[in-house]
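This report refers to the structure that appears directly beneath it.
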Amino acid sequence: MLRKMGEAVARVARKVNETVESSSDTLDLADCKLVSFPICIYKVLRNVSDQIHLITLANNELKSLTSKFMTTFSQLRELRLEGNYLHRLPNEVSSLQHLKAIDLSRNQFQDFPEQLTTLPELETINLEENEIVDVPVEKLATMPALRVINLRLNPLSAEVRVIAPPLIKFDMLMSPEDAQAPLP
């Protein structure tokens, strides 16, 4: 077990070093079995954090992200967090003023993360396969850049299904009312 943990740590370190050495605008830590964002990464990336525009933390075991994560990577354009155990975002997600796309699919959101409605550049929100019942349709309707929101495989209320279509100017993807999320 220690050997596997060591391999996972080495993999994360290698990926972070690749980002720094190549001055890449991408940090890909997908499938690294992370339960939290490693604090040491903030120090390693401190000189390049403003250059990072895409972070992928997909398919890990994250239960939360800290406010420090959001404020450190404030220049993000895309954030991929699908396949984790997230159920909320920190309020500081509102500091991601350049964010264009966020993927929160296959997590454990029961409440729509309303902080996202304050992001002026946000074009795409993917919340597929969560546990969301209610959606702030009125707030979403005022988002200037929003083009697509994916809410498939969520137990959306009948009210959302009726109210949303006439109010929105973007694509709102929903499953048929009787569709169920696939069993794990």
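Within the 3.5 Å criterion, the main-chain N or O of Ala58 finds no donor-acceptor partner in the side chain of Thr56. Using a distance-only test at 3.5 Å, with no hydrogens or angles considered, no donor-acceptor pair links the side chain of Asn150 to the main chain of Leu127.
Between Gln110 atom CD and Asp134 atom CG the span is 13.0 Å, to the nearest 0.5 Å. Taking CD of Glu92 as the start and OG of Ser74 as the end, the distance is 12.5 Å to the nearest 0.5 Å. Considering CG of Asp25 and OG1 of Thr19, their distance stands at 9.0 Å, rounded to 0.5 Å. To the nearest 0.5 Å, atoms OG1 (Thr118) and CD (Gln97) are separated by 6.5 Å. Annotation: the span from Gln115 atom CD to Arg88 atom CZ amounts to 8.5 Å, rounded to 0.5 Å. For the atom pair CD (Gln108) and CD (Glu129), the distance works out to 11.0 Å, reported to the nearest 0.5 Å.
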Exercise for review: For Leu79 and Leu81, run side-chain contact (heavy atoms from CB on, under 4.5 Å): C-alpha distance rounded to whole Å, both residues' side-chain angles, the deciding distance at 0.1 Å, then the answer.
Suggested key: CA-CA 6 Å; Leu79 182 54; Leu81 297 166; 3.7 Å; yes
Point to revise | Test log, rule side-chain contact (heavy atoms from CB on, under 4.5 Å), inputs Leu104 and Leu116 | key: CA-CA 11 Å; Leu104 297 166; Leu116 297 178; 4.1 Å; yes
Exercise for review: Test Leu173 against Ile149 for side-chain contact (heavy atoms from CB on, under 4.5 Å), laying out the working first.
Suggested key: CA-CA 6 Å; Leu173 309 175; Ile149 181 167; over 6 Å; no
Practice item. Take Met70 and Leu65, measure what side-chain contact (heavy atoms from CB on, under 4.5 Å) needs, and give me the verdict at the end. Key: CA-CA 8 Å; Met70 298 299 169; Leu65 285 174; 3.8 Å; yes
Point to revise | Full working for side-chain hydrogen bond (donor to acceptor under 3.5 Å, both in side chains) between Asp103 and Ser105 | key: CA-CA 6 Å; Asp103 190 341; Ser105 61; 2.7 Å; yes
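By the 6.0 Å contact criterion, CZ on Arg77 is enclosed, its count of non-hydrogen atoms from other residues, nucleotides or ligands being greater than 12. Within 6.0 Å of CD in Glu159 there are 12 or fewer heavy atoms belonging to other residues, nucleotides or ligands. Other residues, nucleotides and ligands contribute over 12 non-hydrogen atoms within 6.0 Å of the NZ atom of Lys169.
Residues Glu82 and Arg80 are paired through a salt bridge, judged by an N-O separation under 4.0 Å between the basic side chain and the carboxylate. Ion pairing of Arg152 with Glu128 is absent here, as no side-chain N (NZ or NE/NH1/NH2) approaches a carboxylate O to less than 4.0 Å.
Of all non-hydrogen atoms in Phe170 and Val148, the two that sit nearest each other are CB-N, 4.3 Å. Between Ala145 and Pro120, the shortest heavy-atom contact is CB-O, 3.4 Å. The minimum heavy-atom distance linking Ser175 with Arg161 is given by the pair O-NH1, 2.9 Å. Here the closest heavy-atom approach between residue Leu76 and residue Ile55 is recorded as CD2-CG1, 3.6 Å. Contact between Ile168 and Met172 at its shortest, heavy atoms only, is CD1-CB, 3.5 Å. Closest of all the heavy-atom pairs between Leu62 and Val35 is CD2-C, 3.7 Å.
The distance between the ring centers of Phe69 and Tyr42 does not fall below 6.0 angstrom.
A continuous path of hydrophobic side-chain contacts links Val44 to Val12 [ILVMFWY only; heavy atoms under 4.5 Å]. Cluster annotation: Phe109 and Leu153 are assigned to distinct hydrophobic clusters (Ile/Leu/Val/Met/Phe/Trp/Tyr, side-chain heavy-atom contacts under 4.5 Å, transitive). Transitive grouping of hydrophobic side chains (ILVMFWY, heavy atoms separated by less than 4.5 Å) brings Leu86 and Leu96 into a common cluster. Under the 4.5 Å side-chain heavy-atom criterion for Ile, Leu, Val, Met, Phe, Trp and Tyr, Leu167 and Leu151 are members of the same hydrophobic cluster.
Using a 4.5 Å heavy-atom cutoff, the side chains of Ile132 and Asp111 are not in contact. With a 4.5 Å cut-off on side-chain heavy atoms, Tyr85 and Asn60 do not count as touching. Counting heavy atoms from C-beta on, the side chains of Leu146 and Leu140 come closer than 4.5 Å. Leu29 places a side-chain heavy atom less than 4.5 Å from the side chain of Leu27. Within the 4.5 Å cutoff, the side chain of Phe112 has no heavy atoms near those of the Asn130 side chain. Side-chain atoms of Gln51 and Ser23, non-hydrogen and from C-beta on, do get closer than 4.5 Å to each other. Residues Glu78 and Leu54 meet the side-chain proximity criterion, which asks for heavy atoms closer than 4.5 Å. Side-chain contact between Cys32 and Lys15: present, with at least one pair of heavy atoms (C-beta onward) separated by less than 4.5 Å.
Among Asn84, Asn126, Asn59, the one residue that satisfies the side-chain hydrogen bond (donor to acceptor under 3.5 Å, both in side chains) test with Arg106 is Asn59.
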